[in-house]
Amino acid sequence: MLATQLRRFTETGITGLDQMLDAKGIPTGHNIFILGSPGSGKTTLAVQYLYYGATKANEPGIFVTLDENPGQIRENVLAFGWDLEKLEAKGLLTIVDASPLRRVKSAVNLGNISIGKKDFSLVSLIEIIKRNAIEMKAKRIVIDPLATFMFQYPNEFERRDAFITLLEGVSELGATSLFVSEVTHTSLERAHQFEEYLAEGVVLMLKRVVTEGMERLFQIEKMRGVNHDTKPRPYSISDEGIRVFPTEQFV
Ligand SMILES: Nc1ncnc2c1ncn2[C@@H]1O[C@H](COP(=O)(O)OP(=O)(O)OP(=O)(O)O)[C@@H](O)[C@H]1O
Ligand SMILES: [Mg+2]
């Protein structure tokens, strides 16, 4: 049997997106980079992915937040009808608060682990992800937003090494993972970030100013192992979350 016939896929549950992914989804176990402009709906997409996994695919997930606190995340997504506390109570979701990294002066408390700020290293982050993922038997992992963590590495080479180490650490868990980060240039013609070469898939969520106001563009820049749609497509954020329109074109 060919290796491709053995490959498994993880449905994203984002309306329209799986259709762009050859009606299959993301190859299971891959690390995907979600790159978007501020307020483009990256966190919403990431939570929607975990919510779908927990409620429709019986796949537990973990959300590692490096920015918003878990309370804010739970509250924000209630508008979409996603009751995260219910999933947490059932053991289908864990929100790991890694946001103290940004605030603390001398020590970081993450659950029952306490570490000095200087030692809040990549190794610690990977350890926290691993511990929670193994405990939950997580099939889906989200890290949001990665840029907050990467700011501590001003040197590009160091940053690249850190990202590779993080990718390798998360890969060992066998889950299908989304790494959320920011893009500063809204044009599709832009310099690529090194993470885009290293991740197995890259999805762009961009905003573009047009005469009528603002357009939202969704594009799968790369997805190894899937014959995916490469064209930019419109998407919306509504009471039901993110929806991509896979048959609509930009003129
Ligand atoms: N119920 C809703 N209906 C329509 N749009 C909504 C709704 N709730 C949120 N939004 C839109 O979603 C955006 C925020 O989404 P989200 O927090 O997922 O974006 P983000 O890309 O993660 O932002 P950030 O860059 O701040 O992390 C808001 O700016 C708003 O435009
Ligand atoms: Mg966000």
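Every number for a ligand or one of its atoms is a count from 1 in the order of the listing.
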Novice: Determine yes or no for a side-chain-to-main-chain donor-acceptor pair under 3.5 angstrom, with D83 supplying the side chain and K86 the backbone.
Specialist: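 Checking the backbone N and O of K86 against the side chain of D83, a donor-acceptor pair under 3.5 Å is found.
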Novice: Considering only NZ, NE, NH1 and NH2 on the basic side and carboxylate oxygens on the acidic side, decide whether E182 and K42 come within less than 4.0 Å.
Specialist: no
Novice: With sequence neighbours left out, which residue pairs that include part of residues 15-49 fulfil the ring-ring contact (aromatic ring centres under 6.0 Å, His included) condition?
Specialist: F33-F163
Novice: Can an N, O or S atom be found in T43 less than 2.8 Å away from the Mg ion (ligand 2)?
Specialist: yes
Novice: List by chain and number: which residues place a heavy atom under 4.0 Å from ligand 1?
Specialist: S37, P38, G39, S40, G41, K42, T43, T44, F80, R216, I237, S238, D239
Novice: Show every side-chain hydrogen bond (donor to acceptor under 3.5 Å, both in side chains) that has at least one partner inside residues 233-246, sequence neighbours left out.
Specialist: D229-R233
Novice: Does either side chain, that of T94 or that of N132, offer a donor lying less than 3.5 Å from an acceptor on the other one?
Specialist: no
Novice: What residues, two or more places apart in sequence or in another chain, satisfy side chain to side chain contact (heavy atoms under 4.5 Å, CB included) together with Y52?
Specialist: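 Partners of Y52 under the side chain to side chain contact (heavy atoms under 4.5 Å, CB included) test: E11, K56, R140.
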